[in-house]
Protein chains: 2
Amino acid sequence: MNHSRQRDLIMDYLSGTKSHPTAEEVYENVSRVEPNISLGTVYRNLKLLSDNKMIIRIHTQDGVDHFDADTRDHYHFYCTKCGRVYDLEMDMSATVRKLVREASEVTDCRVEGCMIYFHGICNNCEPTRG
Amino acid sequence: MNHSRQRDLIMDYLSGTKSHPTAEEVYENVSRVEPNISLGTVYRNLKLLSDNKMIIRIHTQDGVDHFDADTRDHYHFYCTKCGRVYDLEMDMSATVRKLVREASEVTDCRVEGCMIYFHGICNNCEPTRG
DNA sequence: TTAAAATCAGTAACCATTACTGATTTTAAG
DNA sequence: CTTAAAATCAGTAATGGTTACTGATTTTAA
């Protein structure tokens, strides 16, 4: 993977936000810096970067993928109302290990891991606390 | 929701299999009994049935949805090689409640639940046990 | 400096799914 | 049983996120 101005800009934008943008949102924002960039380039580089484990691709219920430059072990909350994705700063590594172990016991398949997606209504859509 | 021969056939087929078929697979199988059924009808009824909680829609990593007539609380294993979906007969209700409680503590969002998807290589693709 | 490899912008194609059409079937009241 | 409104159908076009293709441009490394 060579360097390219476009890919660097995409990576820079993703690294500087915690909003877990979609490909379309990445395109809109990078376009402000590099107006000639094309949507195809954004998709291709998001695919390249996620295939190379430099960013995380987050599948959501509405079928639109979101992206995250934070590759540390952490979890996500998906708002079923607005579709936004939020970080959850909690350590679940022990729980995940336990789940994988338990799952391995009830199947002949080789369980390599599990994805955990939290969902509900975000504080922005329906504020509940001051 | 009235009755219709087509919807009953789709429901019957789903109830009689544990293979978690895709819309295309449902279409292929129901077509053997009702050759005139159209793919659009299958999609429309799968949507109707899942919207009415009579079946479960399972999102998978490859972007193709799978369906399950078993609406009991249970979990799924997705094979990253062949794309098949398997049931996991394990009781995780206590773990899920704990996770939701923990997640609620680290966010202002209203956490309503979480989806847990296991993945790996199935015994059909790479046999490991007799 | 230069040529091969990688990447680009632009756009067409892909594919799962949904929406639209006029015809047919189902339901429920008379 | 009729019969008319509502639901559903088959067939097909449209949608929308994503990927693939093109010839031109940029990057890399010798």
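Lettering of chains follows the sequences in order, A, B, ..., and the numbering in each one begins at 1.
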Rounded off to whole Å, could you give me the OH-to-P distance for the B:Y43 and C:dC15 pair?
12 Å
Check the distance between C:dC8's C1' and A:N45's CG and give it to me in whole angstrom.
9 Å
Report yes if at least one side-chain N or O of B:Q6 is closer than 4.0 Å to OP1 or OP2 of C:dT25; otherwise report no.
no
Between the two ends of the helix from C:dT1-D:dA30 to C:dG30-D:dC1, what is the bend in degrees, rounded to 10 degrees, where each end axis spans five pairs?
30°
May I ask you to verify if any side-chain N or O of A:N36 is less than 4.0 angstrom from the OP1 or OP2 atom of C:dG10?
no
Candidate nucleotides C:dT7, C:dA16, C:dC8, ranked by approach to the side chain of B:V64 - the nearest:
C:dA16
Do A:M115 and A:V100 sit in the same hydrophobic cluster, where Ile, Leu, Val, Met, Phe, Trp and Tyr count as joined when their side-chain heavy atoms come under 4.5 Å apart?
no
B:I10 vs B:V42 side-chain heavy atoms within contact, under 4.5 Å
yes
Does one side chain, of B:R44 or B:T41, offer a donor that lies under 3.5 Å from an acceptor on the other?
yes
Report yes if at least one side-chain N or O of B:R44 is closer than 4.0 Å to OP1 or OP2 of C:dA19; otherwise report no.
no
Hey, mind stepping through B:K98 and B:E102 against salt bridge (Lys or Arg N to Asp or Glu O under 4.0 Å) and telling me if it holds?
CA-CA 6 Å; B:K98 183 158 162 273; B:E102 286 176 7; 3.6 Å; yes
Taking CD1 from A:I37 and C1' from D:dT25, how many angstroms apart are they, rounded to a whole number?
15 Å
Ignoring the backbone of B:D65, work out which of D:dG17, D:dC9, C:dT17 is nearest its side chain.
C:dT17
Could you tell me the separation between the NE2 atom of A:H66 and the C1' atom of D:dT18, rounded to a whole number of Å?
14 Å
Would you say CE of A:M11 has more than 12 non-hydrogen atoms from neighbouring residues, nucleotides or ligands within 6.0 angstrom?
yes
Measure the distance from CZ on A:R5 to P on D:dT25 and round it to the nearest whole Å.
18 Å
Picking from D:dC9, D:dA10, D:dT28, the nucleotide nearest the side-chain atoms of B:S4 would be D:dC9
From C-beta outward on A:R57, which listed nucleotide comes closest to its side chain: D:dT19, C:dT7, C:dA9?
D:dT19
Given DNA chain C, 5'-ward residue of the pair B:K47 and B:H3, judged by closest heavy atom:
B:K47
Interatomic distance, B:D62 CG vs C:dC15 P [rounded to whole Å]
13 Å
D:dG16 P sits how many Å from A:E25 CD, rounded?
16 Å
Roughly how many Å is it from CG in B:L39 to C1' in C:dC20, rounded to a whole number?
16 Å
When the nearest nucleotide of DNA chain D is assigned to B:N2 and to B:T41 on a heavy-atom basis, which residue is associated with the more 5' position?
B:N2
Exercise answer: donor-acceptor pairs, residues 77-92 of chain A side-chain atoms, under 3.5 Å, sequence neighbours excluded:
{"unit_1": "A:Y78", "atom_1": "OH", "unit_2": "A:D62", "atom_2": "OD2", "d": "2.8"}
{"unit_1": "A:T80", "atom_1": "OG1", "unit_2": "A:G120", "atom_2": "O", "d": "3.2"}
{"unit_1": "A:K81", "atom_1": "NZ", "unit_2": "A:E126", "atom_2": "OE2", "d": "3.4"}
{"unit_1": "A:R84", "atom_1": "NE", "unit_2": "A:Y86", "atom_2": "OH", "d": "3.4"}
{"unit_1": "A:D87", "atom_1": "OD1", "unit_2": "A:H20", "atom_2": "NE2", "d": "2.9"}
{"unit_1": "A:D87", "atom_1": "OD1", "unit_2": "A:H74", "atom_2": "NE2", "d": "3.0"}
{"unit_1": "A:D87", "atom_1": "OD1", "unit_2": "A:H76", "atom_2": "NE2", "d": "3.3"}
{"unit_1": "A:D91", "atom_1": "OD1", "unit_2": "A:S93", "atom_2": "N", "d": "3.1"}
{"unit_1": "A:D91", "atom_1": "OD1", "unit_2": "A:S93", "atom_2": "OG", "d": "2.7"}

Ignoring hydrogens, what is the shortest heavy-atom contact between B:I37 and B:Y27? Give both atom names and the distance.
O-CE1, 3.3 Å
